[in-house]
Amino acid sequence: MKRIGILTSGGDAPGMNAAVRAVARKAMAEGLEAYGINYGFAGLVAGDIHKIEAADLDGVVNQGGTLLYSARYPEFAHEEGQLKGIEQLKRFGIDALVVIGGDGSYHGALRLTEHGYNTIGLPGTIDNDIPYTDFTIGFDTAVNTDVEALDRIYDTAHSHDRTFVVEVMGRGAGDVAMWAGLSVGADAIVIPELDWDMETIANKIKHNRANGHRCNIVVLAEGVMGADEFVEKLSQYGDFDARANTIGHMQRGGRPTAKDRVLASKMGAYAVELLLDGKGGLAVGIQDNQLVNHDILDLFNSKHKAELSLSKLNEDISFN
Ligand SMILES: Nc1ncnc2c1ncn2[C@@H]1O[C@H](COP(=O)(O)OP(=O)(O)OP(=O)(O)O)[C@@H](O)[C@H]1O
Ligand SMILES: O=P(O)(O)OC[C@H]1O[C@](O)(CO)[C@@H](O)[C@@H]1O
Ligand SMILES: [Mg+2]
């Protein structure tokens, strides 16, 4: 093996650059060359591919976004594009590919593996919705961004005796909402993985208010419903002077936390070690603070297990 290709795909996630750097620099340290593919699978098919020099990676470890750019390119679900992508990799003499992205990107990585092209996946997504990893690259930063936003919203909620329903990202997963909600002492955290009931939430808010809690924060995972709709339904159970906020894409940007930088660096270097060991068709994860790898295919026969006990814990300690 002489050349490793790297691409980032799906939504950008803070720490993707640290992962690209780790893959490329580890490859170089092992006497290999690294090639960057711009714009995920779209750039792969188009042949938007260039050699990465060590100096290109200077000053990127602390940058959000992705220096390789990203794309949503649904066309890659078609075999024609997949075969074209492999042809491009061969044209550049690239022997193996590291795909940094979320569950959708893993589908792309699996297709390449099925066509006999050696591919390794790194979990790069703020959603934390990937099986066989406790954490994904970008999740910690997104949660911390949400916590900062929620702390600010709390100031206004407290000053005006208001209830704020704050929608956070996570697609179908409630991890971002649980971590952010527990971190700010939310009155309620509403996620798609667990049953919930509007009347119970309204009663909790009333109970807390009756016992001296001046304002309320409800953290709502986007996979449940939008914040406006939630406020409308909540208001049917009482006048909470409620406001809806959606944090939105600011959750995706910004400098990665140290935790995301370290995770990305470890995973990136590990991917190269796996390839040097002659392995491939694998997804890298971290479980109980140990780097692990699983067949990419296994990820599609499993479901991400959210740490749902966080929701129960929040219930237990968020009453007045
Ligand atoms: N079934 C599939 N077959 C081949 N490629 C796919 C498939 N599904 C997704 N992809 C490729 O992966 C890309 C990224 O997928 P998606 O938009 O779901 O984001 P993701 O990787 O899950 O990241 P995130 O959820 O963080 O945005 C798609 O745009 C497409 O190029
Ligand atoms: O940036 P887009 O394409 O609007 O996608 C938003 C989605 O991407 C994510 O930010 C990352 O998967 C999700 O949390 C969100 O649902
Ligand atoms: Mg995804």
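Both counts, for ligands and for their atoms, begin at 1 and track the order of listing.
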The residue among Y106, F300, Y132 that forms ring-ring contact (aromatic ring centres under 6.0 Å, His included) with H294 is Y132

Where the side chain of N293 meets the backbone of A283, is there a donor-acceptor pair that is under 3.5 Å apart?
no

Among all the protein's non-hydrogen atoms, which is closest to atom 3 (N) of ligand 1, and how far away is it?
A77 CA, 3.5 Å

Checking I37, I86, I4 against L97 for side chain to side chain contact (heavy atoms under 4.5 Å, CB included), the one that qualifies is I37

Nearest heavy-atom approach of G10 to S105 is N-OG, 3.8 Å

In terms of side-chain heavy atoms, does N320 have a donor or acceptor partner in N211 at a distance below 3.5 Å?
no

For ligand 1, which atoms sit closer than 4.0 Å to a heavy atom of D127?
25 (O)

Would T257 and N144 count as having a side-chain donor-acceptor pair, cut-off 3.5 Å?
no

Sub-4.0 Å heavy-atom contact, S9 with ligand 1:
yes

Test: K26 and E273 ion pair at under 4.0 Å:
yes

Pick one of side chain, backbone, both or neither for how F41 approaches ligand 1, counting any non-hydrogen atom pair under 4.0 Å.
side chain

Of all N, O or S atoms in D103, the one closest to the Mg ion (ligand 3) is OD1

Side chain, backbone, both or neither: which applies to D129 and ligand 1 if a contact is any heavy-atom pair less than 4.0 Å apart?
neither

Against the six-membered ring of F135, is K259 placed for a cation-pi contact (under 6.0 Å from the centre, within 45° of the normal)?
yes

Heavy atom of the protein closest to atom 9 (C) of ligand 1 (residue, atom name, distance)
G104 O, 3.1 Å

N, O or S atom of D127 closer to the Mg ion (ligand 3) than 2.8 Å
no

May I ask which of S105, G124, G121, G172 has a heavy atom nearer to atom 21 (O) of ligand 1 than the others do?
S105

Of the choices E79, R252, R171, H107, which has the non-hydrogen atom that lies closest to atom 1 (N) of ligand 1?
H107

Would you mind checking which non-hydrogen protein atom is closest to atom 16 (P) of ligand 1, with the distance to 0.1 Å?
R72 NH1, 3.6 Å

Specify the closest pair of heavy atoms between A96 and L275, including all atoms of both residues, with the distance to one decimal.
CB-CD2, 3.8 Å

protein heavy-atom neighbour closest to atom 22 (O) of ligand 1 works out as D103 OD1, 2.6 Å

Drop me the distance from L234's CG to E199's CD, to the nearest 0.5 angstrom.
11.5 Å

Decide whether H304 and D175 meet the rule of one side-chain donor and one side-chain acceptor closer than 3.5 Å.
yes

So, R209 and N216: side-chain donor and acceptor under 3.5 Å apart, yes or no?
yes

Closer than 3.5 angstrom, by distance alone: can the side chain of H78 be matched with the main-chain N or O of E80 as a donor-acceptor pair?
no

Report yes or no: do T66 and D12 form a side-chain donor-acceptor pair below 3.5 Å?
no

Which residue holds the protein heavy atom closest to atom 4 (C) of ligand 1, what is that atom called, and what is the gap in Å?
F76 O, 3.4 Å

Which heavy atom of the protein is the closest neighbour of atom 24 (P) of ligand 1, given with residue, atom name and distance?
G11 N, 3.7 Å

Per-atom contacts of ligand 1 with G108, taking only distances under 4.0 Å to non-hydrogen atoms
4 (C), 5 (N), 6 (C)

Every pair of nitrogen or oxygen atoms between ligand 2 and the protein that is under 3.5 angstrom apart - can you list them with their distances to 0.1 Å?
unit_1, atom_1, unit_2, atom_2, d
ligand 2, 1 (O), H249, NE2, 2.8
ligand 2, 1 (O), R252, NH1, 2.9
ligand 2, 1 (O), R252, NH2, 3.1
ligand 2, 3 (O), R72, NE, 2.8
ligand 2, 3 (O), R72, NH2, 3.3
ligand 2, 4 (O), H249, NE2, 3.2
ligand 2, 5 (O), R72, NH2, 3.1
ligand 2, 8 (O), R72, NH2, 3.1
ligand 2, 8 (O), R171, NH2, 3.4
ligand 2, 8 (O), R252, NH1, 3.1
ligand 2, 10 (O), R252, NH1, 2.8
ligand 2, 12 (O), D127, OD2, 2.5
ligand 2, 12 (O), R171, NH2, 3.3
ligand 2, 14 (O), D127, OD1, 2.7
ligand 2, 14 (O), G170, N, 3.2
ligand 2, 14 (O), E222, OE2, 3.2
ligand 2, 16 (O), E222, OE1, 3.3
ligand 2, 16 (O), E222, OE2, 2.6

Option set A13, A71, G40, G102, criterion heavy-atom distance to atom 23 (O) of ligand 1, minimum
G102

Minimum-distance protein heavy atom relative to atom 26 (O) of ligand 1:
T125 OG1, 2.6 Å

Atom 28 (C) of ligand 1: nearest protein contact (heavy atom, Å)
Y73 N, 3.8 Å

Below 6.0 angstrom between ring centroids: does that apply to F41 and Y73?
no

